[in-house]
Colleague: 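Below you will find the structure I want to go over with you.
Note on naming: letters A, B, ... go to the chains in the order of the sequence lines (proteins, then strands), and numbering restarts at 1 for each one. No experiment lies behind these values; they were computed from the predicted model shown.
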Amino acid sequence: MAGRRRLLAHFALLRSYQAANLAMAMEYRAAFFAQVFGMILNDSLWLAYWTLFFHRFPVVNGWGRADVLMLWAIIATGFGLAEATFGAWRMLANYIAEGQLDYYLVLPKHPLWHALMSRASPTGWGDLIFGLAVFAIWGQPSPARTGLFVLCALACGLLLLGISIACNSLAFFVGHADALARQVDNAMIHFSTYPGAIFDGAVRVLLFTLIPAGFVNNLPVEVMREGNFGFLAGAWAVASGWVLFGQWIFQLGLRRYESGNLMGPRL
Amino acid sequence: MKPSPRARRSAARCVAKYLAIGRTGFATAVAYRGEYLLRSVMLLLILYVFTVLWRTVYAAGGHEVVEGFALRDMIWYLVITESIVFSRPRLAGRIDTEVKAGTLAYTLVRPYSYVMFHYAQTLGEALARGLMSFLVGGALVTLLVGPPAFNFGNVGFFLVALLLGATIDFLLSFAVGLLAFWIEETSPIAFIQDRLLMLLGGMMLPLEIFPAFLRTIAGWLPLGMIIYAPARLLVGANTLRPWTVLATQAMWLVVTGVASTWLFRAGVKRVNVHGG
Amino acid sequence: MAAVVLDSLSKTFSTRVKGPGLRGSIRSMFRPEYREVQAVQSIDLTVDLGELVAFIGPNGAGKSTTIKMLTGILHPSAGTASVLGVEPWRNREQLAFRIGAVFGQKSQLWYHLPPLDSFDLLAKIYELDQTSYVTRREQLVETFGVRPYLNTAVRKLSLGERMRCELVAALLHRPEVLFLDEPTIGLDVLAKQTIRSTLRELNANEKVTVFLTSHDVGDIEELAKRVVIINHGQVIYDNRVSHLRHMLLRTKIIDLLLAGPGVVPPLPGVTVIKHTNVGIKLEVDTAVQPIREVVAQLLAVNDVVDVSVTDPPLERVIGLIYRQAAPQ
């Protein structure tokens, strides 16, 4: 009962932070729209690339242009959602290293999620708009497909979020964890944006274990085209697992942080 | 009339000065190599995934050669183009900052040397970064697809084309930075320039892959002269004539040079009229 | 009724010591050596509800470490602390609803937004009921006089205006204990006075327990009723401010402006602070030597142009206390 009330309080807080971040973005309207536009342009570059590519090579290992477009729609939406709600997700390591966590520790909210939601990046909205637009235009949306699409995008976003939290939380244990985390995040995203079917052998195993991009870059074919609900369930399981794991690492690290031995006497 | 000994000496000193600046640019880039090599992890990722992609394409289609590229050639083409793009320092932003900060106004007396200063520095940096990227990327690609089969006869032309292409890129970025005299935020323009360069300049795909109409459009832009043309001199079946490439580059040099100079003079005039 | 109780509270940090160079790094990986730093050594302290305590000490004395243990950010190596009957690091989120903290490093207010937006956000963080939040906010806005700039972006406010908004933010949720870190730093005289008097009022009316760290002597003199001086991780002085002042009344400073080189008569209880060609500055412990006698002798043997007899600055007394060796 208390747990449920607490969860609701955190959702209410999320709403408030969204409002505050939006207000701040509107203060600097030009910069906000420039960033949103920039991200859409960036993503469109890849759209152009794949269009040219599949114009020349219509089918590659069972993948067509529609599938790759779907992949980008899923990733952009998932990534954009994470960026727009928990915008500090990729800088958590910096927060930890610079002691900014102290501020959140004194407030009556879960320090991890509070720190994450305190920032909402406008570029996230660019990705989100892009992703939804691509799905709307090329995804052959129907009620059923839209539902599937949303589930795929959410799984993707959660997976990226969980991995980022886990890697960034290493800042509690090692120095320069921010650089490490950034590389892992980049690798995850990069592998995710290419058709899953081109990877085989040892790499394929890697992409379903250490760098689980395989759970994203196979969604367009497995789920959206073939309707493989088992795969979707698997993706959700892995994604949720990573979020819980990430939170667990954070808690461990926090205990270590509270012993103060992290950086010596911070008098 | 032969130039006087004095003129010859001062010309030599001039060149020496800019060589020194270039050397500093090179040294600075090398000093930051730790940071840069970390960024190179991204380059390795990109090259690796591209290799996997193209391997699949070649195998699936049963191709040996696509538009004059064997698989090996295609990947080495990408090594070169990615290295060129990775080597570019963010010049437009730098110029923008200097315009806004007013430091540019102080060098009004000698605009010639202001441009040359940045040119020398940019080239020095680009050389260092490009070398590092090429070595790192090349090492990985050698492991993946084997050593390159370059058109070694064209190496000389390649190097000159690389230099001319870098100069065109420099003048373009310089011009974009100068727009700061009139525009509040030049970063969106620099951003678009970068993205267009990547696509229409042939970084991600050789222009041969493009459909005909897009090839034509790309042909009318200087972007291909910065990335695609130099790379193609070295890699792939010989379909580009070296002297044609150099001539086209020279033409674009003149165009971008004139445009930048005009922008510079106009900007300076504006500062004189409106203040810094 | 105690608000804050510290019982033998101690904190020792152990940092890894690494030898120089590569060999040192490798050695420290296999056989790590640790250096122990005792930041806080067994502090005993009780603060009652409604007290206003100034917690001072030189840099590195252990102030911040103690505050961090009281707010639950650090857990102690030994001993206990309880704030409002609860151990901070064990029940941090629960306690967070009842305490407030204003730290120097991070502002509670969003820089690019008006204070009002930050207040609304804090109301959500502390899960305040809307009606009571608004009432409380209006009351605080009146008390601190921040209405004129409630809707101005924080970045446009002066430091004094910002500080007052910070305090409003910190008090919105009616904390029972308030931790303030350098609240008047950087403010001009008028701003300092305003904040001090408002805090005094609040403490008197609402019985908020205030735990204040400061380097500003004025804060101690005008704001706090009790001062705790900490150095080398231990409490060196814990008493009423009036007592501190009483110690001062024993001491007087004599400032002489002379026409020629000065002579200081050898008297017990007299210390020379400064002796130049044009003047002498002396400190007199009036419990040992009546001031009248010292002045009389000085006037007798010196060609005095001007003389002033003043109370020593509180700083000097505190400085002396700082410099005392740690009690055993």
Side-chain angles (χ1 to χ4, degrees), chain A residues 28 30-63 68 123 176 178-204 206-207 211 213 217, chain B residues 34-63 66-67 69 74 144 183-215 217-218:
Chain A
Y28 298 100
F32 173 74
F33 285 116
Q35 283 181 295
V36 169
F37 170 74
M39 198 40 71
I40 295 179
L41 188 71
N42 205 38
D43 294 342
S44 303
L45 179 73
W46 282 100
L47 225 59
Y49 173 83
W50 287 113
T51 304
L52 290 173
F53 186 90
F54 278 101
H55 175 85
R56 181 68 182 74
F57 308 104
V59 180
V60 176
N61 274 16
W63 277 63
V68 126
T123 56
H176 297 299
D178 57 335
L180 173 70
R182 213 172 307 134
Q183 297 309 321
V184 176
D185 283 340
N186 284 342
M188 209 20 226
I189 292 171
H190 195 73
F191 277 115
S192 296
T193 55
Y194 284 80
I198 65 177
F199 300 106
D200 63 358
V203 181
R204 197 173 175 80
L206 178 74
L207 292 186
I211 305 180
N217 65 20
Chain B
E35 219 182 286
Y36 187 70
L37 287 176
L38 215 56
R39 273 189 67 208
S40 303
V41 174
M42 196 65 219
L43 174 67
L44 293 176
L45 266 175
I46 292 173
L47 287 172
Y48 175 73
V49 178
F50 269 148
T51 307
V52 175
L53 178 68
W54 283 105
R55 247 198 216 134
T56 314
V57 170
Y58 276 81
H63 309 287
V66 172
E67 313 288 356
F69 289 85
M74 181 64 80
L144 292 175
I183 304 178
E184 183 66 39
E185 284 278 341
T186 58
S187 46
I189 304 178
F191 185 74
I192 295 176
Q193 174 202 5
D194 281 352
R195 296 301 179 267
L196 281 178
L197 184 66
M198 287 181 194
L199 191 66
L200 296 176
M203 176 194 88
M204 300 163 87
L205 289 169
L207 298 189
E208 279 83 356
I209 307 284
F210 286 21
F213 79 96
L214 209 57
R215 273 206 80 169
I217 296 176

Colleague: Quick one: of F37(A), Y49(A), F199(A), who has the most non-hydrogen atom pairs under 4.5 Å with chain B?
Modeller: Y49(A)

Colleague: Please classify the contact between W46(A) and chain B as side chain, backbone, both or neither, with a heavy-atom cut-off of under 4.5 Å.
Modeller: side chain

Colleague: Looking at CD of Q183(A) and CZ of R39(B), how far apart are the two atoms once the value is rounded to the nearest 0.5 Å?
Modeller: 10.5 Å

Colleague: So which residues of residues 48-55 of chain B are in contact with chain A at a heavy-atom cut-off of under 4.5 Å?
Modeller: Y48(B), V49(B), F50(B), V52(B), L53(B), W54(B)

Colleague: Taking only residues two or more places apart in sequence or in another chain, which ones pass salt bridge (Lys or Arg N to Asp or Glu O under 4.0 Å) with R56(A)?
Modeller: E67(B)

Colleague: Look at P211(B), A60(B), A59(B) and state which one has the largest set of heavy-atom pairs under 4.5 Å with chain A.
Modeller: P211(B)

Colleague: Which distance, rounded to the nearest 0.5 Å, do you find between the CE of M188(A) and the CG of L45(B)?
Modeller: 12.0 Å

Colleague: Taking side chain as everything from C-beta outward and backbone as N, CA, C, O, which of these in F57(A) sits under 4.5 Å from a heavy atom of chain B? Side chain, backbone, both or neither.
Modeller: side chain

Colleague: Enumerate the residue pairs fulfilling salt bridge (Lys or Arg N to Asp or Glu O under 4.0 Å) with a member in residues 37-53 of chain A, sequence neighbours excluded, ordered by first and then second residue.
Modeller: none

Colleague: Which atom pairs, one a donor and one an acceptor, fall under 3.5 Å between side chains of residues 187-207 of chain B and the rest of the protein, sequence neighbours left out?
Modeller:
from, atom 1, to, atom 2, distance (Å)
S187(B), OG, E185(B), OE1, 3.0
Q193(B), NE2, S173(B), OG, 3.3
D194(B), OD1, R88(B), NH1, 2.9
D194(B), OD1, R88(B), NH2, 3.3
R195(B), NE, N42(A), OD1, 2.5
R195(B), NH2, N42(A), OD1, 2.9

